[in-house]
Amino acid sequence: MSPVDKDWHLFLKTEVDRLRQQEEIFICNEAAEKLKRISPRTIDRALRRQKEALGLNQKYRQKRNPLIYQKIPIKAGGWDRYLPGQIQIDLVEHCGRSASGVYGNTVSVAEVAFGWWEGEAVSGKGQEVSFDALKRIRERSPFNWIHLHPDNDSSFINWHLLGYCKRQGIEFSRSRPYKKNDNNFVEQKNSTHVRAVIGHFRYDTEKELVIINSLYRSELRLYKNFFQPTMKLKEKIRDKGKVHRKYDIPKTPYQRITESRKIPEETKKELRELYRRLNPAELKRKIDEKIQQLFKTYEQKSKQIEAS
């Protein structure tokens, strides 16, 4: 039930008699009494067709998108799961229970073909800080970027990023509004690589973001990309209304890259040398240590806020 219906309900209850006296409406006494007793729900039913004609019953009204949204094509699925360099990006908020003020956000990046993930923590949602974070992530990615795909967040849908993609020869597309499945590869990583690791607390201090970035740029990215296998969808078959999915053998993003014929041998050699130097148990211990340090920093901050 809309606030408009409630407003009209109150208006009719108090103003019907005055409008009759001023000869603005001409109705009998019985109709006037019914108007004063009508409920908001009845008003809603009576005006349903008029509202539908005006588009007032839509859950989400179509926004007047600026020119830049018209310049960026929408991509809803149809990803080539074997073509390297297709990048989905998203912004994960770390606002806790309140979205007021300035707080930390994770620029989360997932590659479609290999499942490679990268993250960068930034303060606020500014276009420049998000753009700079993407450039840092691109520098440490072991493949060329050929396609960039965010949702409709203004942190990424801006002239800075659009111009950058044109200059670099990177295809740029966006998701449909309110359709998270259009960004499903990075949405999965948001859950397993961000929320499951650092939780849902509010991180809004420089010290907290430094710890998070220390994780993202070192141990966490190495552990997830080199030692955490994931399943990859091979085919999806519809049979009498049911969907049957077939997956390949679980492999790490590192394994998928080294097996790909579309990645240069020099890149594979560098990744193999890095893999031989890594100790997964040591990486996990350092990840746990930094997470504990992050939670401890958060608790100290919370106690200081309560005491003030």
Side-chain angles (χ1 to χ4, degrees), residues 74-95 104-122 130 133-134 137-138 140-143 145-153 155-157 171-201 203 212-213 215-217 219-237 243-257 259-260 280 283-284 287 291:
I74 291 176
K75 184 175 178 61
W79 295 95
D80 185 342
R81 295 171 184 263
Y82 297 93
L83 180 63
Q86 302 168 100
I87 309 296
Q88 290 188 354
I89 57 178
D90 197 14
L91 200 69
V92 184
E93 297 180 340
H94 303 300
C95 60
N105 296 270
T106 292
V107 177
S108 183
V109 167
E111 197 275 338
V112 173
F114 306 129
W116 190 277
W117 176 85
E118 298 280 356
E120 191 81 9
V122 298
S130 301
L134 277 176
I137 289 173
R138 187 187 179 192
R140 60 178 184 256
S141 298
F143 37 74
W145 288 15
I146 64 170
H147 192 138
L148 206 58
H149 180 85
D151 56 16
N152 288 273
D153 197 311
S155 299
F156 304 117
I157 305 296
E171 187 178 355
F172 195 34
S173 65
R174 62 185 175 92
S175 302
R176 294 171 294 176
Y178 314 110
K179 299 292 184 180
K180 285 187 174 291
N181 282 343
D182 291 356
N183 230 15
N184 60 317
F185 292 94
V186 72
E187 290 287 351
Q188 293 171 355
K189 303 297 184 184
N190 292 346
S191 176
T192 58
H193 292 46
V194 181
R195 294 298 188 193
V197 177
I198 63 176
H200 297 260
F201 298 118
Y203 302 118
I212 295 173
N213 270 328
L215 269 171
Y216 288 167
R217 296 169 184 174
E219 291 86 8
L220 187 62
R221 68 179 292 270
L222 295 174
Y223 185 75
K224 291 291 187 180
N225 290 323
F226 283 84
F227 300 103
Q228 288 284 287
T230 58
M231 292 190 298
K232 186 175 180 179
L233 183 67
K234 293 180 65 176
E235 59 179 337
K236 184 166 58 176
I237 303 172
V243 178
H244 302 278
R245 294 178 175 85
K246 291 186 178 181
Y247 297 88
D248 67 356
I249 299 173
K251 296 178 183 178
T252 65
Y254 158 74
Q255 289 173 321
R256 297 188 191 281
I257 288 179
E259 292 175 1
S260 174
L283 287 175
K284 187 62 170 66
I287 290 171
I291 291 174

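Computation of the quantities below employed the complete heavy-atom set of this structure, encompassing side-chain atoms and omitting hydrogens, waters and symmetry-equivalent molecules.
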- Should Val186 and Ile89 be marked as a side chain to side chain contact (heavy atoms under 4.5 Å, CB included) after you check the CA-CA gap, both sets of side-chain angles, and the distance that decides it? CA-CA 6 Å; Val186 72; Ile89 57 178; 5.8 Å; no
- Query: Considering the options Phe114, Phe226, Phe227, which one meets the side chain to side chain contact (heavy atoms under 4.5 Å, CB included) requirement together with Tyr254?
  - Reply: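 Output: one option passes, namely Phe226.
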- Message: Show, in sequence, the C-alpha distance, side-chain angles and deciding distance for Asn190 and Thr106, and conclude whether the side chain to side chain contact (heavy atoms under 4.5 Å, CB included) test is met.
- Response: CA-CA 9 Å; Asn190 292 346; Thr106 292; over 6 Å; no
- Message: Between Tyr216 and Trp117 (judged by ring centroids, cut-off 6.0 Å), do the two rings come close enough to count as a pair?
- Response: yes
- Within-4.5 Å side-chain heavy-atom neighbours: Gln88 and Trp79: yes
- Query: Under 3.5 Å, is there a donor-acceptor pair between the side chain of Asn183 and the main chain of Pro150?
  - Reply: no
- Item | Over 12 foreign heavy atoms within 6.0 Å of CG, Asp80 | yes
- Message: List the residues meeting side chain to side chain contact (heavy atoms under 4.5 Å, CB included) with Glu171, not counting sequence neighbours, and say none if there are none.
- Response: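 Partners of Glu171 under the side chain to side chain contact (heavy atoms under 4.5 Å, CB included) test: His147.
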- Mind checking what makes side chain to side chain contact (heavy atoms under 4.5 Å, CB included) contact with Ile74, not counting sequence neighbours? Arg174, Arg176
- Message: Working note: Val197 + Ile291, criterion side chain to side chain contact (heavy atoms under 4.5 Å, CB included); need CA distance, chi angles, decisive distance, verdict.
- Response: CA-CA 8 Å; Val197 177; Ile291 291 174; 3.6 Å; yes
- Item | side chain to side chain contact (heavy atoms under 4.5 Å, CB included) evaluation trace for His94 with Arg195 | CA-CA 9 Å; His94 303 300; Arg195 294 298 188 193; 3.7 Å; yes
- Item | Glu120: salt bridge (charged side-chain N to carboxylate O under 4.0 Å, His left out) partners, not counting sequence neighbours | Arg136, Arg140, Arg217
